[in-house]
Amino acid sequence: MNNISVGIIGGTRGMGSWLAGLMQKENTTVHICGRKTPLGIKDIAKLCHVIVVAVPIAATNEVIKQVGPLLDEDKLLMDLTSLKKEPVEMMLAHTRAEVIGCHPLFGPQMQDFSGQNIILCPARGTKWLTWIKELFQNNTYNVFETDPAHHDKMMAIVQVLNHLHTISLGMTIAATQTPPEELDRFSTPALRAKIEIVKKVFTESPELYADIITRNPDTAKIIALYEKTLADIRALAQSGDATKLKDALEKTAKKLF
Ligand SMILES: NC(=O)c1ccc[n+]([C@@H]2O[C@H](COP(=O)([O-])OP(=O)(O)OC[C@H]3O[C@@H](n4cnc5c(N)ncnc54)[C@H](OP(=O)(O)O)[C@@H]3O)[C@@H](O)[C@H]2O)c1
């Protein structure tokens, strides 16, 4: 497809800015908008064949409701939201355009994006799917297609469990009231690496992590499993019998690796 113009709502920074850079590298015309840009949502909808919603999760539904009805059926509406079920349903409900849910599984601050994974949830139409898939694949991304429910179920592990684990670590360390300098003096390389991750979650975009955890439909299930696992670990740790805990680790390793 030639002379495609892409409009990115939320293209001024973050993931929208990553996509703008990628599209520009492919010589695609890109228009971006944020809340204070000269171009607004209506201008972008008129100018572009493809509209991408890349705003914070809490603003996504509202933006889809605004832009969706402005698009004809030959256009594409795509989002970059970290969750897929709700935004894809919203896009299908509010536009006649083709719809693809997209979730890049990395953040915008990486130095080298090569070999990273991108999930696509094609939801309406086929005209734009090959174009976007090839664009990502030609730039060394791995593209996997799935449906929104399966995506969100996987993100309950990859993001909800993972970030809850980091949050528990940070909050538990804080609850010990150990001064940071004291922790630093006693730190191992393993703890230092984990503290860097804690710092990222607690200070870089707490809003994003909070939305990812509170809005995933499978969060309650994964927390229940996490609590049960912690209770099992507590019983093993307090049994005073190291062999029991070692056996549990070896049994789990066989399932994991
Ligand atoms: N960050 C990540 O690691 C990551 C990874 C994968 C997917 N995502 C997803 O990408 C999306 C954006 O996240 P992000 O981290 O890139 O956010 P971000 O860095 O905060 O950027 C948000 C962008 O949206 C614009 N914006 C905010 N509210 C808006 C509104 N009401 N109308 C129009 N534009 C608005 C902002 O511009 P102004 O402030 O100038 O208005 C900015 O350009 C989210 O859905 C998130 O789940 C994020």
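In listed order, ligands and their atoms are each counted from 1.
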Query raised in the report: Is it true that Lys133 and Glu145 make a salt bridge, defined as a side-chain N closer than 4.0 Å to a carboxylate O?
Result: yes
Query - Shortest non-hydrogen contact from Thr178 toward Leu183 - result: CG2-N, 4.1 Å
Report task. Please check if any side-chain donor atom of Asp112 sits under 3.5 Å from a side-chain acceptor atom of Ser114, or the reverse. Result -> yes
Query raised in the report: Can you find a side-chain donor-acceptor pair between Asn142 and Asn117 that sits under 3.5 Å?
Result: yes
Requested in this report: Would you please say whether a donor-acceptor pair under 3.5 Å links the side chains of Tyr209 and Lys200?
Outcome: yes
Query - Close aromatic pair by centroid cut-off 6.0 Å: Tyr141 and Phe106 - result: yes
Kindly print each ligand 1 N/O atom paired with any protein N/O atom under 3.5 angstrom away, one pair per line, or none if nothing qualifies.
{"residue": "ligand 1", "atom": "8 (N)", "partner": "Ser82", "partner atom": "OG", "Å": "3.4"}
{"residue": "ligand 1", "atom": "16 (O)", "partner": "Met15", "partner atom": "N", "Å": "2.7"}
{"residue": "ligand 1", "atom": "20 (O)", "partner": "Arg13", "partner atom": "NH1", "Å": "3.1"}
{"residue": "ligand 1", "atom": "37 (O)", "partner": "Thr12", "partner atom": "OG1", "Å": "3.1"}
{"residue": "ligand 1", "atom": "39 (O)", "partner": "Arg13", "partner atom": "NH2", "Å": "2.5"}
{"residue": "ligand 1", "atom": "39 (O)", "partner": "Arg35", "partner atom": "NH2", "Å": "2.7"}
{"residue": "ligand 1", "atom": "40 (O)", "partner": "Thr12", "partner atom": "OG1", "Å": "3.4"}
{"residue": "ligand 1", "atom": "41 (O)", "partner": "Arg35", "partner atom": "N", "Å": "2.7"}
{"residue": "ligand 1", "atom": "41 (O)", "partner": "Arg35", "partner atom": "NE", "Å": "2.7"}
{"residue": "ligand 1", "atom": "43 (O)", "partner": "Gly10", "partner atom": "O", "Å": "3.3"}
{"residue": "ligand 1", "atom": "43 (O)", "partner": "Thr12", "partner atom": "N", "Å": "3.3"}
{"residue": "ligand 1", "atom": "43 (O)", "partner": "Thr12", "partner atom": "OG1", "Å": "2.5"}
{"residue": "ligand 1", "atom": "43 (O)", "partner": "Arg13", "partner atom": "N", "Å": "3.4"}
{"residue": "ligand 1", "atom": "45 (O)", "partner": "Val55", "partner atom": "O", "Å": "3.1"}
{"residue": "ligand 1", "atom": "47 (O)", "partner": "Ser82", "partner atom": "N", "Å": "3.0"}
{"residue": "ligand 1", "atom": "47 (O)", "partner": "Ser82", "partner atom": "OG", "Å": "2.6"}

